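All remarks here apply to the structure that follows.
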Number of protein chains: 2
Amino acid sequence: MSLPHAILTALLEKPSSGLELTRRFDKSIGYFWSATHQQIYRELGRLEADGHIRALPAEQPARGQKKSYEVLPAGSAELARWTAASQDPKPHRDVLLLRLRAAAVVGTAGLADDLRRHLDLHRLQLAEYQEIEKRDFPPGRDAPQDRLRHLVLRAGIDLETFWTQWLTHALEEFAELPGSEPA
Amino acid sequence: MSLPHAILTALLEKPSSGLELTRRFDKSIGYFWSATHQQIYRELGRLEADGHIRALPAEQPARGQKKSYEVLPAGSAELARWTAASQDPKPHRDVLLLRLRAAAVVGTAGLADDLRRHLDLHRLQLAEYQEIEKRDFPPGRDAPQDRLRHLVLRAGIDLETFWTQWLTHALEEFAELPGSEPA
DNA sequence: CCCCTTTTTGCAACTAGTTGCAAAAACAGA
DNA sequence: TCTGTTTTTGCAACTAGTTGCAAAAAGGGG
């Protein structure tokens, strides 16, 4: 139950239409909470029905027409409640690690290529984050909100750094492995 | 579509009953692919129906009776196919980072406590992994399978290390933050 | 043997995310 | 203005994971 809160956060940062939200989820927010436009529209409907947000101009509510939403006090309150409430960490699921473990049993054939592909993707993502950091967090910007957002971005940067290093190491190991057979 | 493959991997490592699988998922495998016993039983049924696994002794197939499964050739083949097939990384979703971002807008009240709790959990998990490493991967063990499994465990260890460091840093930042209000 | 508890298996309903597709408005060119 | 394309919104069906609950067998006294 986090998508509605992701949307509330985004809308508090800036009132937006469904499409604008989708774009913002593809950019900054989606880095730690991704969502498709279908999900977003569905959730916007629910949030409006719950009285957490409302459509802004909405002269003629009809299909294909841009509708912007803003957060109502009830929505703010709900977001604050949710943020403060203690939550247990969700169990991780990592397909790549699972495949590696499977490879220990059925052989590593075909895996190295995909590891390289993932390595490239992580490098790309890392570069993108670093670009954002340079642009949005120049030294000196340290209002509380900035520090928090920077902290989150740092997590992204450091995680991508971690994965590029780990994948590099994994590929080195692969190079040393005898063949592509189980054992 | 990874749970069936996680189960196949586990069963290839060692034929097991549903309950034994559940226990193993709670331990090593669940560290990167968790599953409840309900999921596991459901999936065992499907895998058996698909001819990927079969029940071992099964004198009287009935409820409440231990049933052990082993992987059939078709199952092995499917696992090998899946392992070799290229897969796009799934988008991340991290509630804690989302809450931090939300806190930049609605205030940090109540968050620090939960950060500390998560820090403790990650430290605990890290200690557990390190214990496993010491037990299962003493220096010298370097058959290909061991190297691969060790690689996976290293990812777990390094990730937990990362999170403990990041959370520690985050808590330091919190300490410096003015109050718990939005801005 | 009977009763009570624990273990093991499993069904069913629900929640969240994904995929495929399409309608309504807006826009651009003839 | 008509026409075809693009943008924006959205429904519906499907897949995967979660939660609640319970039945069948096994095991342990009395």
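To find a chain, count down the sequence lines: A is the first, B the second, and so on, and within it residues start at 1. A quick note: this is a predicted structure, and the numbers were derived from the prediction, not measured. Hydrogens, waters and symmetry mates are skipped; everything else that's a heavy atom, side chains included, is used.
Residues from residues 40-52 of chain B lying near DNA chain C, meaning a heavy-atom separation below 4.0 Å, are B:Y41, B:R42 in numerical order. A heavy atom lying under 4.0 Å from DNA chain C marks the following residues of residues 31-39 of chain A, by number: A:W33, A:T36, A:Q38, A:Q39. Non-hydrogen atoms lying under 4.0 Å from DNA chain C are contributed by B:S17, B:G18, B:L19, B:R23, all within residues 14-26 of chain B.
Pairs passing the side-chain hydrogen bond (donor to acceptor under 3.5 Å, both in side chains) check and including a residue from residues 161-175 of chain A, sequence neighbours excluded, read A:E173-B:R147. Evaluation of the salt bridge (Lys or Arg N to Asp or Glu O under 4.0 Å) test over residues 26-42 of chain B, restricted to residues two or more places apart or in two chains, returns none. The salt bridge (Lys or Arg N to Asp or Glu O under 4.0 Å) contacts involving residues 152-170 of chain A comprise A:E133-A:R154, A:R154-A:D158, where partners must be two or more places apart or lie in separate chains.
Every side chain to side chain contact (heavy atoms under 4.5 Å, CB included) that B:A143 has, sequence neighbours left out, goes to B:Q145, B:D146. Listed by chain and residue number, B:I7, B:L21, B:T22, B:F25, B:A35, B:L44 satisfy the side chain to side chain contact (heavy atoms under 4.5 Å, CB included) test with B:I40 (two or more places apart in sequence, or in another chain). Partners of B:Y31 under the ring-ring contact (aromatic ring centres under 6.0 Å, His included) rule, at least two apart in sequence or in another chain, are B:Y129. For B:L124, there are no side chain to side chain contact (heavy atoms under 4.5 Å, CB included) partners, not counting sequence neighbours. With sequence neighbours excluded, the residues that form a ring-ring contact (aromatic ring centres under 6.0 Å, His included) with B:H150 are B:F137.
With rounding to whole Å, A:H5 atom NE2 is found 10 Å from C:dA16 atom P. Rounded to whole Å, the distance from CG on B:L3 to C1' on D:dT15 is 12 Å. Rounded to whole Å, the distance from CG on A:D88 to C1' on D:dT18 is 14 Å. B:R93 places its CZ atom 15 Å from the P atom of D:dA16, with the value rounded to the nearest Å.
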| task | Go through B:E43 and B:R46 one step at a time and tell me if the salt bridge (charged side-chain N to carboxylate O under 4.0 Å, His left out) criterion holds. | result | CA-CA 5 Å; B:E43 203 60 49; B:R46 288 179 190 157; 3.2 Å; yes
| said: salt bridge (charged side-chain N to carboxylate O under 4.0 Å, His left out), that's the test. Do A:K90 and B:D94 meet it? Break it down for me. | reply: CA-CA 8 Å; A:K90 290 264 162 228; B:D94 191 305; over 6 Å; no
What side-chain donor-acceptor pairs closer than 3.5 Å can you find for residues 73-85 of chain B, not counting sequence neighbours?
unit_1	atom_1	unit_2	atom_2	d
B:E78	OE1	B:R81	NE	3.0
B:E78	OE2	B:H5	NE2	2.9
B:E78	OE2	B:R81	NH2	2.8
B:T83	OG1	B:L79	O	2.7

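For the pair A:M1 and B:K90, both in contact range of DNA chain C, the more 5′-proximal nearest nucleotide belongs to A:M1.
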